[in-house]
**Q** 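One structure, as structure tokens, below. Some questions next.
Start at 1 and go down the list; that is how both ligands and their atoms are numbered. No hydrogens, no waters, no symmetry mates; every other heavy atom, side chains included, goes into these values. The structure presented is a predicted model; accordingly, all values stated were derived computationally and were not measured.
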Amino acid sequence: MSWKSKDLLTIQDLSTAEIQTILDTAASFKEVSTRSVKKVPALRGRTVVLFFHEPSTRTRISFELAAKRMSADILTVQAASSSLVKGETLIDTLKTLDSMTIDAIVVRHKCSGVPLMLANATNASVINAGDGAHEHPTQALLDLYTINEHKGKIAGLTVTIIGDVTHSRVARSNIHGLQKMGAKVRVCAPPTLLPAGIEKMGVTVFHDLDKALEGTDVVYVLRLQLERQKKNLFPTIREYSMLYSVTSERLKRAKKDAIVMHPGPMNRGVEISSGVADGPASVIDDQVTNGVAVRMAVLYLLKGEKEGEK
Ligand code: CP
């Protein structure tokens with residue numbers, strides 16, 4: 001299929017066919033990162049801006065690597081050392097970048113909706129690298145890719161998402177993506193870490209981790225996002241861990257061939273034990289590896305040379 005959208009803002013906006021196209025394109029790019037010369041000319045002459053207003057290791061570095069491996073020119077705009085600190089608005093900063101004829105801008109921001117606001121104000125492609133607790137579409141895409149790589153399918157699998165769903169853009173994007181691809185999604189957390197009305201998203205809600213893990217194919221552990229929690233949502237971290245940490249003992253409740261995923265960064269000993277994070281069921285390192293291929297695919301579909309282009 002030919003790619004139509006200018007931007008990638010949410011998984012909710014993507015059709016099942018579009019998600020499949022991204023996963024297929026990522027599969028063709030994955031091999032590039034295994035070459036001794038890790039470079040193809042797919043984005044030669046394009047300029048990609050990385051505009052991160054929140055900390056990031058995996059997402060920022062893998063977008064940078066993805067763009068570099070496709071021969072794009074990269075600019076990194078650091079909020080703290082830009083004129084944003086002098087009071088310039090985001091839109092004026094974007095207009096300044098636009099005047100220098102950029103092609104794509106990868107945005108992370110603590111406020112939901114910022115990527116959409118920027119997309120409406122520029123002809124450049126905007127890619128959401130995480131906005132508040134709203135969406136993190138490329139994380140869900142790399143997760144779907146990793147599940148398919150290990151399980152050979154996504155449709156029909158039971159995926160259990162555990163932990164701080166309320167504050168998790170990763171959970172929201174994954175719930176949309178997994179359901180579009182035919183998976184059954186469970187969420188498990190204390191009631192205070194689940195948004196009101198989460199059932200309306202079509203997920204099955206559990207508060208008991210042992211019950212939630214029964215029959216699970218994919219155990220997806222979320223980071224406890226203490227920096228976004230405005231009030232005490234559980235008595236202590238120790239008590240949270242006792243009830244909701246995924247440990248080797250608890251993992252025995254899931255299917256024998258279940259895989260364990262985490263978007264990173266992990267709070268080891270809080271939501272996941274080191275035995276599980278580094279154990280045989282963990283595919284966490286593969287998620288990171290696949291992040292580069294998936295981001296190459298997204299950049300290529302949005303900004304690769306189109307037929308008839310000068
Ligand atoms: N998964 C994820 O978004 O990680 P970073 O915050 O390190 O980019």
Side-chain angles (χ1 to χ4, degrees), residues 8-12 22-23 26 33 48-69 74 76-80 104-115 126-147 149 159 161-178 187 193 218-229 246 259-268 270-272 276-278 282-299:
L8 175 63
L9 302 178
T10 67
I11 292 286
Q12 205 174 358
I22 295 171
L23 302 186
S33 296
V48 176
V49 177
L50 304 177
F51 197 38
F52 278 63
H53 290 246
E54 274 192 329
S56 169
T57 298
R58 282 147 283 270
T59 312
R60 191 187 59 71
I61 292 173
S62 62
F63 264 114
E64 184 167 344
L65 263 184
K68 282 182 170 160
R69 286 183 183 170
I74 322 288
T76 300
V77 179
Q78 308 273 12
I105 178 160
V106 181
V107 186
R108 172 171 287 192
H109 202 281
K110 67 174 191 283
C111 298
S112 301
V114 163
V126 176
I127 300 169
N128 181 2
D131 61 330
H134 176 220
E135 279 231 27
H136 191 348
T138 58
Q139 177 68 47
L141 289 164
L142 74 88
D143 292 334
L144 292 170
Y145 186 97
T146 305
I147 292 170
E149 184 175 66
V159 181
I161 301 176
I162 301 153
D164 189 357
V165 177
T166 297
H167 300 96
S168 178
R169 51 197 178 207
V170 172
R172 248 162 229 89
S173 288
N174 263 303
I175 290 169
H176 289 304
L178 286 161
V187 293
L193 291 181
V218 178
V219 179
Y220 198 103
V221 189
L222 297 172
R223 182 171 71 86
L224 202 52
Q225 300 197 33
L226 295 169
E227 78 279 15
R228 291 190 210 277
Q229 295 178 12
V246 177
I259 56 171
V260 176
M261 306 178 76
H262 191 301
M266 287 184 275
N267 296 306
R268 287 172 181 263
V270 178
E271 69 260 1
I272 190 168
V276 172
D278 305 325
S282 172
V283 299
I284 295 168
D285 291 343
D286 296 338
Q287 288 173 266
V288 177
T289 302
N290 292 332
V292 178
V294 163
R295 287 165 179 134
M296 287 173 88
V298 167
L299 287 167

**Q** Tell me the residues surrounding ligand 1, counting only those with a heavy atom closer than 4.0 angstrom, sorted by chain and number.
**A**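 The answer is Ser56, Thr57, Arg58, Thr59, Arg108, His136, Gln139, Pro263, Gly264, counting any residue whose heavy atom sits under 4.0 Å from ligand 1.
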**Q** Under a 4.5 Å cut-off applied to non-hydrogen side-chain atoms, are Ile11 and Pro137 in contact?
**A**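 In contact.
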**Q** Does Leu9 offer a backbone N or O that forms a donor-acceptor pair with the side chain of Glu135 under 3.5 Å?
**A**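 Flag not set: sc Glu135 to bb Leu9 has no pair under 3.5 Å.
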**Q** Decide side-chain contact (heavy atoms from CB on, under 4.5 Å) for Leu193 and Leu224; before the verdict, give the C-alpha distance in whole Å, the side-chain angles of both, and the deciding distance to 0.1 Å.
**A** CA-CA 9 Å; Leu193 291 181; Leu224 202 52; 3.8 Å; yes
**Q** Decide, yes or no, whether a salt bridge links Asp131 with Arg172 under the criterion of side-chain N to carboxylate O below 4.0 Å.
**A**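 Result for this pair is no, no salt bridge flagged.
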**Q** Please confirm whether Arg295 makes a cation-pi placement over Phe63, using NZ or CZ under 6.0 Å from the six-membered ring centre and within 45° of the ring normal.
**A**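 That pair qualifies as a cation-pi contact.
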**Q** Test of understanding: with salt bridge (charged side-chain N to carboxylate O under 4.0 Å, His left out), list the residues that count as partners of Asp285, not counting sequence neighbours.
**A**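 Scan of Asp285 (salt bridge (charged side-chain N to carboxylate O under 4.0 Å, His left out), adjacent residues dropped) gives none.
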